[in-house]
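Taking it in order: structure first as structure tokens, then the write-up.
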There are 2 protein chains.
Amino acid sequence: MTVTLADVAARAGVSSATVSRVLNGNYPVADGTRTRVLRAVDELQYVVNGPASALAAATSDLVGILVNDVADPFFGIVASAVQSEMGGEGATGTGQKLAVVCNTGGSPERELTYLTLLRRQRAAAVVLTGSAVEETAHSTALADRLRHLAASGTRIVLCGRPPLAPRDGTGEEPALAQDGIVTLAFDNRGGSHRLTAHLLTLGHRRIGYVTGPAERSTTRHRLEGHRRALGEQAPEALAEAERLTVHGGAYDRSAGYDGALELLRRAPDLTAVLAANDTVALGVCAALRDRGLRIPEDVSVGGFDDLPFAADASPALTTVRLPLHEAGARAGRLALGLETPPPGDVATVRADLMVRASTAPPAPR
Amino acid sequence: MTVTLADVAARAGVSSATVSRVLNGNYPVADGTRTRVLRAVDELQYVVNGPASALAAATSDLVGILVNDVADPFFGIVASAVQSEMGGEGATGTGQKLAVVCNTGGSPERELTYLTLLRRQRAAAVVLTGSAVEETAHSTALADRLRHLAASGTRIVLCGRPPLAPRDGTGEEPALAQDGIVTLAFDNRGGSHRLTAHLLTLGHRRIGYVTGPAERSTTRHRLEGHRRALGEQAPEALAEAERLTVHGGAYDRSAGYDGALELLRRAPDLTAVLAANDTVALGVCAALRDRGLRIPEDVSVGGFDDLPFAADASPALTTVRLPLHEAGARAGRLALGLETPPPGDVATVRADLMVRASTAPPAPR
DNA sequence: CTGTTAGCGCGTTCAT
DNA sequence: ATGAACGCGCTAACAG
């Protein structure tokens with residue numbers, strides 16, 4: 001029923017090994033036979049049997065990309081960037097990687113499940129993107145599984161999340177990993193610090209903050225940058241930072257909307273609100289508007305990530321730009337072994353402040 | 001190095017066949033042996049070898065989801081809905097499907113490439129989402145490949161795109177397919193018709209339209225609905241519909257921005273602008289604002305899809321709601337054979353008008 | 001450069 | 001209810 005290597009071989013008058021060789025292009029083959037084989041492949045509409053070749057070669061051409069939420073453009077951009085590097089040579093089956101994105105929904109269990117499924121497929125590489133869940137049981141289970149995978153030949157790249165904790169469990173975020181797992185971390189702390197500093201410099205002192213889910217690394221890092229800036233430039237504001245912080249249940253619009261309302265309840269006189277990311281910021285803006293507050297005249301708003309819509313919002317959103325496409329592409333190349341890993345296998349990706357119309361000096365009282 | 005079925009068998013003191021049977025749960029196995037085997041599996045951290053089992057069984061647990069643009073929430077929502085149905089039973093390897101999304105970037109070639117890659121993997125099912133490219137050479141090549149795939153046992157579901165043209169090439173969009181390929185089509189014509197009718201009823205007569213890429217089915221269908229409404233309610237407006245239509249190069253924000261500027265150039269007195277979708281509509285809004293026009297006082301704007309951000313835009317966007325999550329979930333169930341296909345294998349998904357703040361009667365002249 | 005020969009790890013008859 | 005044995009389609013030595 002289905003065409004096999006042997007069929008092609010027979011048709012081309014060569015052995016199946018030869019066919020395999022021209023298809024994979026790993027060994028020298030005479031030009032004449034090569035064209036003959038390719039013609040046979042074409043005539044028979046032959047398609048390699050992936051499982052069979054994966055079994056024999058003990059490795060497949062599957063590359064997994066784990067994301068927390070496919071419906072979030074943040075991940076869409078990163079994923080598409082990773083995939084853009086997998087184009088492949090175009091030859092009949094040569095090097096063509098099948099880059100697939102797996103949606104964990106932010107659930108640690110699904111994350112582990114996907115890892116198992118990818119391991120089962122003998123994936124060539126796995127790229128994990130976005131914030132990690134900071135819960136000891138899960139982090140160690142995850143680190144464990146990733147190290148196993150790495151040991152069994154699957155390349156692992158962490159993009160937009162902190163490095164794995166070292167096996168011995170001492171300290172956090174070691175400067176260098178020792179297991180071949182490459183990390184591209186975003187400078188969330190730095191970016192957040194710059195954003196808050198910008199607000200403080202404008203003269204704001206009562207700054208609300210709607211964070212992301214409490215257990216995620218990104219949430220913590222951005223909050224740390226924020227608090228550090230407060231501590232440095234406005235110690236008095238730091239005192240009530242706790243009261244002006246609301247933890248959102250997700251990185252979504254409604255977290256921003258609800259969070260902003262809660263902040264307004266706690267401190268009707270706040271002059272600025274920072275959000276966990278741009279999507280949350282949009283929710284914040286909606287809530288402020290619904291309360292009759294103008295942006296930025298009455299309240300300034302700041303986001304994070306600089307997703308495409310941030311510049312188009314009205315007013316255009318002041319935010320922190322993360323080079324998502326660039327980072328994703330680099331992660332893709334690292335996953336394919338096309339780029340040499342950074343020293344110590346950990347690199348930090350910059351996060352630049354983008355000042356736009358949603359922030360302005362606070363109104364004189 | 002890696003643990004195999006045989007290892008588990010040895011540890012449990014049974015044959016590998018038995019282990020296989022408990023893992024797949026297809027044959028009766030004594031309770032005692034079952035637990036013994038499961039314990040061995042656990043102790044050895046055994047993970048099924050996907051390629052090997054796919055080779056032997058001639059089918060894999062991979063399900064492909066093809067999307068035109070992962071970075072577009074439209075597809076993200078559909079994809080995540082499809083995946084949400086693949087949870088699986090949770091048993092050690094039973095039924096767990098690996099749902100993966102493949103980003104075609106709207107390119108026909110990449111679409112075909114992914115189909116080949118999935119065929120190579122002996123995918124259990126493939127879900128194609130979003131608009132199709134309407135170009136004869138490609139549509140026949142695609143239809144061909146899909147029918148081959150379907151014939152070789154891969155379930156095919158079309159979600160948000162029109163049914164395949166019949167093999168004989170006569171007529172378009174047949175009421176019923178005959179190859180087991182299931183289609184969930186969106187009522188783009190109807191939705192668009194209702195949206196334009198809404199504008200006409202408000203009193204608008206000079207309505208600009210920024211479409212999506214010319215060669216896509218969705219573009220054509222939405223435009224047809226628009227024109228039909230014009231023809232029915234305002235034949236005089238239909239006359240200049242051509243002049244008031246601008247074809248965008250993509251379904252993105254800049255297409256909307258540039259398109260709106262072009263429309264303003266052609267007809268400075270237009271009172272409403274319709275966009276190919278919500279993302280494009282956002283670009284339209286940005287352009288109008290940059291030209292000093294207020295929405296909806298000076299110009300009304302309408303979108304399509306009703307993505308989450310549409311309700312949050314300011315002003316909130318009047319648009320046509322597509323039940324993306326619902327449709328995606330259904331597509332997922334169909335792909336798994338969990339739901340019986342609609343009669344004729346083709347179903348049309350409703351598209352409801354959502355009237356919000358971005359549309360209002362035109363200003364009196 | 002090319003053919004021959006073993007497996008890769010698992011599902012699946014066919015016996016028992 | 002369980003075991004033995006074969007073959008899925010391909011790659012990777014090893015000849016030649």
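Residue B/Leu5 is in sugar-phosphate contact alone, with no base atom involved, counting any heavy-atom pair closer than 4.0 Å across all strands shown.
Note: CG (A/Asn24) to C1' (D/dG9) measures 13 Å, nearest angstrom. The distance from atom CZ of B/Arg21 to atom C1' of C/dG11 is 10 Å, rounded to the nearest whole Å. Distance CD (A/Gln121) to P (C/dG9): 15 Å, rounded to an integer number of Å. Protein atom CG of B/Leu23 is 15 Å distant from nucleotide atom C1' of C/dT12, rounded to whole Å. Distance CZ (B/Arg122) to C1' (D/dC8): 10 Å, rounded to an integer number of Å. The CG-P distance, from B/Leu55 to D/dT11, rounds to 12 Å in whole Å. Atom CG in B/Asp31 sits roughly 10 Å away from atom P in D/dA1 (whole-Å rounding).
With C/dG7, C/dT4, C/dT13 as the choices, the nucleotide that has an atom nearest any side-chain atom of A/Ala56 turns out to be C/dG7. In this structure, of D/dT11, D/dA12, C/dG11, it is D/dT11 that holds the atom nearest to the side chain of A/Ser53. Listed nucleotides D/dT11, C/dG9, C/dG11 differ in distance to B/Asn49; the shortest reach to its side chain belongs to C/dG9. Here the nucleotide nearest the side chain of B/Tyr46, chosen from C/dG9, C/dT2, D/dT11, is C/dG9.
Positionally, the nearest nucleotide of DNA chain D for B/Ala30 lies more toward the 5' end than for the other of B/Ala30 and A/Thr4. Nucleotides of DNA chain D nearest to B/Arg36 and B/Ala52 differ in position, and the one nearer the 5' end is that of B/Arg36.
For residues 21-38 of chain A, the pairs satisfying salt bridge (charged side-chain N to carboxylate O under 4.0 Å, His left out) are A/Asp31-A/Arg34, with sequence neighbours left out.
Remark: B/Lys97 does not engage B/Asp61 in a salt bridge, criterion side-chain N to carboxylate O under 4.0 Å. Note on A/Arg330 versus A/Glu326: no salt bridge recorded, every NZ/NE/NH1/NH2 to OD/OE distance being 4.0 Å or above.
B/Ser107 pairs in a side chain to side chain donor-acceptor pair (under 3.5 Å) with only one of the listed residues (B/Glu109, B/Glu111, B/Arg110), which is B/Glu109.
When the side-chain nitrogen and oxygen atoms of A/Thr33 are compared with OP1 and OP2 of C/dT2, one or more of them lie within a distance under 4.0 Å. Under 4.0 angstrom from either OP1 or OP2 of D/dG3 there lies at least one side-chain N or O belonging to B/Ser15.
Side-chain contact between B/Asp345 and B/Ile181: absent, with no pair of heavy atoms (C-beta onward) separated by less than 4.5 Å.
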